[in-house]
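Only one structure is covered here, and it is reproduced in the block below.
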2 protein chains.
Amino acid sequence: MERLNVLVCDDDTAIVDALEIYLKHENYGVLKAYTGAQALQALAEHEIHLILLDIMMPEMDGLSATIRIREERNIPIIIISAKSEDTDKIAGLNFGADDYVSKPFNPLELMARVKSQMRRYTALGSIALKSGILKSGGLELDRAGKEVRVDGEIIRLTPTEYGIVVFLMENLGHVFSIAQIYEQVWNEPSYAAENTVAVHIRRIREKIEINPREPKYLKVVWGIGYKIKKY
Amino acid sequence: MERLNVLVCDDDTAIVDALEIYLKHENYGVLKAYTGAQALQALAEHEIHLILLDIMMPEMDGLSATIRIREERNIPIIIISAKSEDTDKIAGLNFGADDYVSKPFNPLELMARVKSQMRRYTALGSIALKSGILKSGGLELDRAGKEVRVDGEIIRLTPTEYGIVVFLMENLGHVFSIAQIYEQVWNEPSYAAENTVAVHIRRIREKIEINPREPKYLKVVWGIGYKIKKY
DNA sequence: TGAAAATCTTAAAGCTTTCTTAAGAATAAG
DNA sequence: CTTATTCTTAAGAAAGCTTTAAGATTTTCA
């Protein structure tokens, strides 16, 4: 069973840290963000299955964030708020949140609500699970449709090329040696397969880069390996 | 759009009647039950999309009812309770409820929570609502009438062809391997049935595509599988 | 029930795309 | 300037998709 990831977003670090402990205890993966902007970025770069979102944050308030998240991904959002007014709850729910919890909250109740959302989310089969769009600048990876887009335009990749991009995008910014890439994508030990990978890299660049000679996304780190740069 | 039905179950007739008014105002169909047994019966006899369930009822308490409902149908359950203790909430949610509201509650907040559950329930569609029309560009699937239309014109598909289209339309944009398609549509393990699916794909294309050589809807993703493209 | 029609399955051939390999060119680092 | 590393190109081999056709099976309707 694959691990489910929760993004916790609150400007109060104490709350974030506390929630992290509870969530990890329930065996969820935890990602942390302290502003709405950070939340949106985390969403683009990682596979996330549920969001706990504070509604009062600097930079971007939770409601706006909720709307933007809804536009991009259809994952459960639970709003956590200091406002316990009914009108705020109603507004939050109508803006697309799936649940609304007021501070101070009982962490165990919150965990039960997280579980409840996850249950429904995963009930529809793991089919819906491996979806979501990962982004870095103009480069987008749509794992549901097995599609890669650059500045909105669909790029046609072969299965191997696609596999390499998925691996690098799922580990955005990390550098991997050719051997590591081969082992991950081919799922077998790399024995003198250096050049094979190089050729694939070459062809991926030809497809996704404006100027393959000076790659914007698929970067080489001399003597070490390759990565897709984080934007 | 089809009407969504809510089953309201509470032994307090005043509450049931009040909720009925609010729900009808939101354009939901309303069914009423005053005991757990009646609720289960209503569930068996009518198409119901969400349940509002009081937790303290004669004959059968709400928690037991929740469990029995969950066993039969996978529809959203919102528990309404006089108990506002956190432990009760947590118990209710863990027993399979999707939300928990304490009395006295703000009816508008409750409506917002109903809407929120319905939104998710109908968004993922597939398993939940067995009717309704799915669309992608000019391609329409009317599950109620078991009909497929292209630019308004009815396309006559065979049962197997229809099954494949339903599966792919219910997971619009997702790519599935031939083996996955076979297993989902035939409901049995695919053993060397690769070509069977391919032939059906071929014939579906002949019927729904303007130019089967360059399919607009039923796309192949080389080395991976097929999908119906999202427009 | 029996014949006709419709649908499904299987096999095989042809076509297209993708992968790998190898060898030489280009580039960065010291 | 030398060496190690990466990039590029091309071509044959392998893998995957499409199409056709014919026989088997199921459904329909008289």
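Note: hydrogens, waters and symmetry copies are ignored here, and every other heavy atom, side chains too, is used. Just so it is clear: chains get the letters A, B, ... in the order the sequence lines come, proteins before strands, and each one is counted from 1.
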Salt bridge check: are A:Lys216 and A:Glu209 linked by an N-O gap of less than 4.0 Å? no

Before accepting this row, confirm whether a basic side-chain N of the pair A:Glu147/A:Arg156 lies closer than 4.0 Å to the acidic partner's carboxylate O. no

Looking only at the side chains, is there a donor atom on one of A:Gln184 and A:Gln180 sitting less than 3.5 Å from an acceptor on the other? no

How are the rings of A:Phe167 and A:Phe176 set to each other: parallel, tilted or perpendicular (split at 30° and 60°)? tilted

Straight-line distance of A:Lys219 NZ to A:Ile201 CD1, nearest 0.5 Å: 13.5 Å

Nucleic acid contacts - residues 201-208 of chain B versus DNA chain D, non-hydrogen atoms under 4.0 Å: B:Arg202, B:Arg205

Remember a base hit wins even if backbone is also touched, and classify A:Tyr162 as base, sugar-phosphate or nothing at under 4.0 Å, heavy atoms. nothing

If you pin B:Ile224 and A:Trp222 to their nearest nucleotides in DNA chain D, which one's is more 5'? A:Trp222

Between which nucleotides of DNA chain C, read 5' to 3', does contact with chain A run, using atoms under 4.0 Å from its heavy atoms? C:dT18 to C:dA28

DNA chain C: A:Val197 or A:Leu157, which has the more 5' nearest nucleotide? A:Leu157

Any chance you could lay out the salt bridge (Lys or Arg N to Asp or Glu O under 4.0 Å) test for B:Arg202 and B:Glu206, step after step, and finish with the verdict? CA-CA 6 Å; B:Arg202 161 77 179 50; B:Glu206 199 164 67; 2.9 Å; yes

Taking the side chain as everything from C-beta on, heavy atoms only, tell me whether B:Tyr226 gets closer than 4.5 Å to B:Ile178. yes

